[in-house]
Amino acid sequence: MKLLTVIVLLPLAGFLLNGLLGRRLGRTFVSIVGCGLPILAFLATLKAVLLLQAAGPDAALLEVAYRWASFGDQGFDVAFYFDRLTAVMTLIITGVGSLIHVYSTGYMKDDPGYARYFAYLNLFLFFMLTLVLGRSLLVCFVGWEGVGLASYLLIGFWFEDPAKAAAGKKAFITNRVGDAGFLLGLFLLYWALGTVNMDEINAAFAAPVAPAVSASLVGVLLFIGATGKSAQIPLHVWLPDAMAGPTPVSALIHAATMVTAGVYLVARLHGIYEHAPEASQVVAVIGVLTAFFAATIALVQTDIKKVLAYSTVSQLGLMFLALGVGAYGVAVFHVYTHAFFKACLFLGAGSVIHALGGEQDIRKMGGLWRRIPLTFGTFAVATAAIAGIPPLAGFFSKDEILWFALASQHGGSAALWVLGSAASLLTSFYMFRLLWLTFLTPSRMSHDTEHHVHESPFSMTGVLIVLAALSAIGGFFELPHFLEPLLPIPAVAGSLEHYEHTFVFVAVAVALLGLAAATFMYRRGLARGEALAARFPRLHRILGGKYYIDELYEAVLYRPLHWVSDRVFLGLGDRLLIDGSLHGLAALTRRASGRLSRVQTGQLQWYVAMAVIGVVGCLVWVWRHG
Amino acid sequence: MADTQLLLGLSFVLFALGLVGVMVRRNALVMLMCMELMLNAVILALVTFSLETATLSGAVLVFLIFVVAAAEIAIAIPIVLQLSRQRSSLDVEGYDRLQG
Amino acid sequence: MGEATWLNWLLWLPALGMVAVTALPKGRDSLVRSVTFGCMVLQFFIAAILYQRFDGTVAGLQFATDVPWIRDWGVGYRIGLDGLNVLLVSLTAFLGPLVVAGAWNAVHKDVKLFHVMVLFIQFAMLGTFLAQDLFLFYVFWEAMLIPMFLIIGLWGGERRIYATLKFVLYTAFGSILMLAALIYLVLYTHGSSGYMTFDLRHLSGSQLPLNTQLWLLSAFALSFAIKVPMFPLHTWLPDAHVEAPTTGSVILAGVLLKMGTYGFMKLGFPLFPEAARAMMPVIMSLAVISIVYGACLALVQTDIKKIIAYSSISHLGYVMLGLASLDLIGIQGAILQMVSHGLVAGGLFLMVGMIYERTHSRAVADYGGLARMLPVFSVFFTILTLASIGLPTTSGFAGEFMVLLGAFNAAWPAHLAGNDLPLTLAVIAVSGVVLGALYMLWLAQRILFGEARAPHAPLTDLNSRETAILVAIVVAIFAIGLFPGDPLAKTELAASEFQQRVAGGTIQLGSAR
């Protein structure tokens with residue numbers, strides 16, 4: 001039996017069943033199919049992991065499904081590849097994915113598009129599994145674009161609202177920009193190596209004879225693809241808008257799985273980046289800048305989901321920072337811990353929104369801890385985890401990222417460490433701000449809302465508890481070590497070798513500092529925060545306006561494109577030059593014919609005279625030339 | 001042979017008369033008659049050559065021209081009649097509605 | 001050769017259908033439709049059998065017929081299937097019944113004449129693809145104009161006369177040049193080899209001086225480029241599409257446009273290989289300009305049909321880019337992209353026709369929220385939109401991906417050799433992928449999403465006839481997208497022969513390492 005193929009196809013079956021029959025067969029059927037097949041996929045993954053473990057640390061399972069197309073002696077196979085890296089990703093996707101499916105049965109209970117929702121969610125899982133299990137870049141690209149599609153459909157799930165539909169479109173198109181880079185990288189690799197199988201690409205770059213292509217160029221091109229999918233500067237603009245989708249979608253797609261695809265790609269192709277210091281430098285710098293700037297924006301957001309969205313962008317930046325300094329395993333470690341606590345946070349936020357009947361503004365919350373204690377408890381654990389408070393999961397992964405940002409011999413530097421730590425400080429601050437304003441400060445809810453507050457059903461809180469537990473203990477699993485046979489851990493600069501523990505204390509101090517500052521500012525409510533904003537109005541406006549990147553793109557890219565298309569291409573090119581010259585030609589012909597037609601006077605004698613002249617002319621010509 | 005030259009000369013004169021007549025006379029009926037004159041000139045020339053070369057093809061062509069001439073008159077006379085009924089004049093100057 | 005009979009049946013069945021429909025009594029409209037439809041279905045089955053039995057591993061013509069026609073000129077009735085036309089013939093036969101079914105309720109004026117014309121154009125299109133004789137090719141090529149002229153001119157929209165004249169004048173202008181060039185070519189071959197023939201196999205062996213080749217190729221290319229259409233000869237297309245009835249648009253987008261690219265592939269490049277190589281930078285540039293220009297113009301249209309029309313210009317630009325890359329993958333991709341575009345654009349035009357029958361409006365601004373009002377319609381429209389964008393697993397992706405890969409494969413060695421033009425063009429072409437998503441999603445967003453509104457609401461969703469048509473198209477789209485290996489295996493040999501002939505032995509292109 002082809003186990004890997006089955007893992008991929010199970011959610012597809014769910015999509016087809018729910019999509020085609022779901023509306024007719026009712027909610028129970030939809031729930032069973034929608035949750036059951038991902039859980040089956042999870043179990044199948046566990047079995048695959050067992051097989052893999054039995055085969056040894058750097059072994060891999062390989063399955064060729066069929067040949068997609070062949071050209072001469074070359075071709076593209078649809079093949080699946082399963083090693084430890086894939087195993088981690090697949091477990092996260094099917095595991096967290098299944099949990100979120102279960103949560104959704106509660107969250108989406110009353111939505112008229114219930115069947116459609118689960119169909120899309122299963123479709124997403126199918127493409128996501130294609131992405132991580134695909135052996136070749138081409139199969140990976142299929143999943144890559146496919147998750148974009150699922151994301152598009154789910155962001156615009158409530159499509160009656162034009163803003164939500166527009167957010168979906170924005171996500172798709174921004175991703176497409178990245179995809180163009182991905183494609184170019186893929187083409188270049190195919191030209192140079194004649195294969196796009198990722199294991200073979202890594203092997204080719206590790207070979208003593210270097211491939212006939214610049215690793216840095218390929219690395220940067222593929223990284224452009226990663227910036228699109230993982231919302232890094234300059235293609236980060238779509239992710240905050242993507243919060244228009246249902247909250248479980250934000251948890252699954254825009255926090256735990258899809259957005260980490262870029263990280264996965266770079267980690268998977270570490271063979272290229274190890275030999276591309278320039279490209280790695282680019283990855284690290286973009287990553288740390290994204291981490292820092294997204295964190296600053298998150299400071300002033302008032303929508304609970306927007307705060308989490310920018311926090312996701314920021315955390316993804318940290319992951320790229322790790323990738324850029326060669327700590328691939330550590331980046332995957334953060335993917336793994338982040339999946340737990342960020343999913344928990346988003347689902348907790350969903351529970352809050354659910355409890356408040358759709359309210360998302362944290363300025364209108366407060367005092368919820370007493371009313372929805374389970375949600376509060378799990379949210380608090382996850383907040384502490386993301387802030388990096390030991391011994392929760394986030395602490396381990398983040399600490400290692402910052403350590404390698406400083407100490408790695410593969411491009412680590414003090415500047416990266418400073419910015420990374422600053423981002424970490426800000427993260428701790430705004431997350432505790434969120435916690436205070438949502439749950440702990442005195443209530444600012446309207447009386448009406450307050451009356452309706454209720455804890456979510458067990459299908460939702462149960463999932464929260466599981467995720468909170470994983471956020472708490474997940475860090476004790478030494479993932480970088482587990483992955484070391486595949487993803488090497490970079491060497492540490494000699495001068496810093498003995499200071500690792502010192503920096504652990506610094507990291508903890510940074511997290512606690514953030515906690516303390518947030519407590520000082522927001523313990524009593526909004527007042528101190530607003531006073532600070534009033535002291536620095538311009539800074540506050542810039543942060544609130546997200547550095548006006550959207551407006552910039554609108555003014556620099558979209559509007560000129562429209563203007564050129566409309567005025568230059570359509571108006572000047574098509575209408576004036578091409579059609580104009582054609583119509584001109586037609587008019588000219590008509591006028592010239594009009595002139596010529598005057599020869600036809602209608603006078604018989606004139607015609608006869610012309611005929612005679614013609615005949616005489618012919619005779620003369622024959623006489624002269626004959 | 002003198003006869004041949006004479007006959008050809010006569011043919012030429014007849015043709016020229018007909019051509020000039022078509023070109024200068026304004027009366028449609030007269031123009032038709034002039035055209036007949038030209039055809040007859042051609043017939044004369046053909047018969048002459050037929051005699052000269054002692055073949056029959058010239059004579060055969062004469063019959064063809066007869067047919068054409070008869071057909072032409074059969075169509076032309078009704079047209080002329082219609083025109084004269086419309087305008088009670090046969091002056092071709094007046095008929096220029098075929099101009100472009 | 002019993003097998004050749006099947007191919008003759010395929011070609012002549014629409015002609016027989018024309019006779020049969022003409023002979024039907026007046027006023028029996030549904031009978032006319034049924035006979036036409038039956039004829040098309042029968043034809044589709046014949047094509048399916050031929051496709052199955054076509055052997056991709058054998059070079060040259062299969063199921064060929066070669067009967068002298070005009071002996072003195074060396075003109076023959078020569079038809080046959082080869083790797084270059086097998087997919088396009090199948091596509092034509094596949095779309096035939098769908099076109100008739102799509103027009104079931106759309107035409108009420110002169111129903112008989114309409115269906116005769118549909119059969120006529122089917123006959124002429126199949127003939128053009130199958131012809132292996134230059135004279136026969138030209139006859140069929142010109143014959144296509146007549147039914148199209150009438151279909152747009154009689155059953156079209158308000159400005160149909162302007163549109164149909166523009167279409168015919170543009171095309172006829174190109175055809176005249178092609179006629180002159182092909183007569184010159186035949187006479188030249190006559191002069192050098194001593195016997196006169198229009199047989200393509202003989203003509204493609206003639207060695208012409210480069211200068212002559214350039215002139216002749218320019219004449220052929222102009223004719224084909226108008227049909228494709230390539231920038232800047234494209235302005236007839238949007239007008240023709242907007243004014244044409246649905247049937248006309250579907251035939252136009254589905255098959256007729258491929259005549260141009262097929263012409264390049266079958267005649268233009270292989271007959272004049274040296275000239276083709278010399279002109280490749282120009283052709284490639286125009287192809288890429290078409291891609292971007294078409295996409296940009298699609299972005300600013302307000303008429304749904306015009307958006308799809310301009311998107312056709314863009315998509316056929318990819319086909320030309322693939323052919324011009326002279327890389328095996330690119331050529332294969334171009335062939336696949338032709339088929340894919342036929343399915344996708346044909347399907348989109350059918351859908352526009354379906355909604356137009358309900359609302360009598362094609363303005364984007366008139367619509368919104370159809371996803372709520374017409375869920376089935378919206379599902380199909382979304383799928384076709386995504387296929388048009390070239391989302392993986394659809395046929396659009398397979399074609400586009402291979403074209404771009406081929407273009408890049410050809411461009412990178414050129415770049416290393418110091419010629420940056422192909423690389424620049426390839427990179428710009430890749431950016432067309434973004435533009436494609438931009439205009440199609442923008443269209444989908446505005447008509448499918450948002451607040452529900454449409455003229456003549458409430459509307460009824462697709463009926464089973466319409467659903468069946470679209471299911472057929474969607475299945476084909478996914479079949480090609482997921483399993484392109486089978487069709488590609490049928491065309492591979494012909495494509496590599498084309499590549500070797502045109503690229504020649506001197507320039508080493510392709511994925512060389």
Side-chain angles (χ1 to χ4, degrees), chain A residues 19 23 66-72 74-75 78 127 138 141-146 148-149 152-153 156 159-162 164-166 168-169 172-173 175-177 179-181 183-184 186-188 190-194 212-213 561-562 564-566 568-570 573-575 577-579 582 586, chain C residues 166 169-170 232-235 238 293 295-301 328-329 332 368-369 371-372 379 382 386 389 391-393 397-398 401-402 404-405 408-409 412-413 426-427 430-431 433-438 441-442 444-445 448-452 482-485 488-489 492 496 510-511 513:
Chain A
R23 274 205 314 181
Y66 65 95
R67 173 151 277 213
W68 187 70
S70 52
F71 314 98
Q74 293 174 2
V78 174
F127 279 123
L138 180 62
F141 185 73
V142 171
W144 189 269
E145 289 245 298
L149 164 68
Y152 164 75
L153 292 170
F159 53 78
E160 275 99 342
D161 181 352
K164 290 182 171 160
K169 190 187 76 167
F172 196 98
I173 289 177
N175 269 303
R176 264 271 157 139
V177 176
D179 293 353
L183 274 182
L184 285 175
L186 192 165
F187 294 159
L188 203 53
Y190 183 76
W191 179 82
L193 306 175
V213 65
L561 178 69
H562 235 262
V564 166
S565 302
D566 195 24
V568 180
F569 288 172
L570 184 63
D574 258 33
R575 297 231 172 101
L577 289 182
I578 300 176
D579 268 0
L582 285 176
Chain C
K166 202 170 176 183
L169 286 181
Y170 249 113
L233 302 168
H234 62 275
T235 55
Y293 193 89
C296 284
L297 279 175
L299 200 60
V300 292
Q301 298 302 320
L328 180 60
I329 300 178
Q332 288 274 68
R372 177 64 70 218
V379 168
T382 312
L386 295 170
I389 290 172
L391 199 85
T393 70
F397 170 71
F401 172 77
M402 281 161 54
L404 292 174
L405 179 57
F408 195 86
N409 266 343
W412 192 256
V427 172
V430 172
S431 78
V433 169
V434 181
L435 289 174
L438 204 58
L441 285 184
W442 178 77
Q445 186 202 338
L448 298 182
F449 305 142
E451 200 184 320
L482 289 171
F483 308 101
L488 287 177
E492 181 167 358
S496 73
S511 45
R513 274 175 306 288

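Reminder, nothing fancy here: chain letters follow the sequence lines and each chain counts from 1.
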Exercise for the section: Measure distances from A:Phe141 to the heavy atoms of chain C and classify the residue's part below 4.5 Å as side chain, backbone, both or neither. Expected result: both
Handout entry: Sub-4.5 Å side-chain heavy-atom contact between A:Val78 and A:Trp68
Key = yes
Problem - Part of A:Leu577 lying under 4.5 Å from any heavy atom of chain C - result: neither
Practice task
Tell me, out of C:Ala371, C:Gly485, C:Ala426, who's got the most heavy-atom pairs with chain A below 4.5 Å.
Solution key: C:Ala371
Exercise for the section: Could you check if a side-chain atom of C:Gln445 sits within less than 4.5 angstrom of a side-chain atom of A:Phe159, using non-hydrogen atoms only? Expected result: no
Handout entry: Residue, of A:Lys164, A:Glu160, A:His562, that accumulates the most heavy atom pairs under 4.5 Å with chain C
Key = A:Glu160
Exercise for the section: Please flag which part of C:Leu435 lies under 4.5 Å from any non-hydrogen atom of chain A: side chain, backbone, both or neither. Expected result: side chain
Exercise for the section: Can you label the angle between the A:Phe569 ring and the C:Tyr293 ring as parallel, tilted or perpendicular, going by 30° and 60°? Expected result: tilted
Problem - Min side-chain heavy-atom separation A:Trp191-C:Leu405 under 4.5 Å - result: no
Problem - Region of A:Ala166 in contact with chain C, defined by heavy-atom distances below 4.5 Å - result: both
Exercise for the section: Tell me, out of C:Ala437, C:Ser496, C:Ala444, who's got the most heavy-atom pairs with chain A below 4.5 Å. Expected result: C:Ala437
Exercise for the section: Apply ring pair (Phe, Tyr, Trp, His ring centres under 6.0 Å) to A:Phe172 and list each qualifying residue two or more places apart in sequence or on a separate chain. Expected result: A:Tyr152
Exercise for the section: Look at C:Val430, C:Leu391, C:Val300 and state which one has the largest set of heavy-atom pairs under 4.5 Å with chain A. Expected result: C:Val300
Handout entry: Any donor-acceptor N/O pair, A:Gln74 side chain to A:Ser70 backbone, under 3.5 Å
Key = no
Exercise for the section: Side chain from CB out, backbone as N, CA, C, O: work out which of these in C:Phe401 comes under 4.5 Å of a heavy atom of chain A, or both, or neither. Expected result: both
Exercise for the section: May I ask you to decide whether A:Arg176 forms a salt bridge with A:Glu145, counting only side-chain N to carboxylate O separations under 4.0 Å? Expected result: yes
Practice task
For atom CZ of A:Arg575, decide whether the heavy atoms of other residues, nucleotides or ligands shown that lie under 6.0 angstrom number more than 12.
Solution key: no
Practice task
With a 4.5 angstrom heavy-atom cut-off, could you sort out which part of C:Leu488 is near chain A: side chain, backbone, both or neither?
Solution key: side chain
Practice task
Check whether any side-chain heavy atom of A:Lys169 sits under 4.5 Å from a side-chain heavy atom of C:Trp442, and report yes or no.
Solution key: yes
Exercise for the section: Select one option (side chain, backbone, both, neither) describing which atoms of A:Leu183 are under 4.5 Å from chain C's heavy atoms. Expected result: side chain
Exercise for the section: Name the member of C:Met402, C:Glu492, C:Glu451 that forms the most heavy-atom pairs with chain A at distances under 4.5 Å. Expected result: C:Glu492
Practice task
Pick whichever of A:Val142, A:Leu188, A:Leu149 has the most heavy-atom pairs under 4.5 Å with chain C.
Solution key: A:Leu188
Completion exercise
Answer key: most heavy-atom pairs under 4.5 Å with chain A among C:Ala452, C:Ala489, C:Pro484 is C:Pro484
Practice task
Pick one of side chain, backbone, both or neither for C:Ile389, based on which atoms fall under 4.5 Å of a heavy atom in chain A.
Solution key: both
Exercise for the section: Please state whether the side chain, the backbone, both or neither of C:Ala398 comes within less than 4.5 Å of a heavy atom of chain A. Expected result: both
Problem - Largest heavy-atom contact set with chain C, pairs under 4.5 Å, which of A:Asp179, A:Leu153, A:Asn175, A:Leu138 - result: A:Leu138
Handout entry: Selection from A:Phe187, A:Trp144, A:Phe127, A:Tyr66 maximising heavy-atom pairs under 4.5 Å formed with chain C
Key = A:Phe187
Exercise for the section: Flag the pair A:Leu570 / A:Ser565 as yes when at least one side-chain heavy-atom distance between them is below 4.5 Å, and no otherwise. Expected result: no
Completion exercise
chain A shares the most heavy-atom pairs under 4.5 Å, among C:Leu169, C:Leu448, C:Thr382, C:Leu482, with C:Leu482
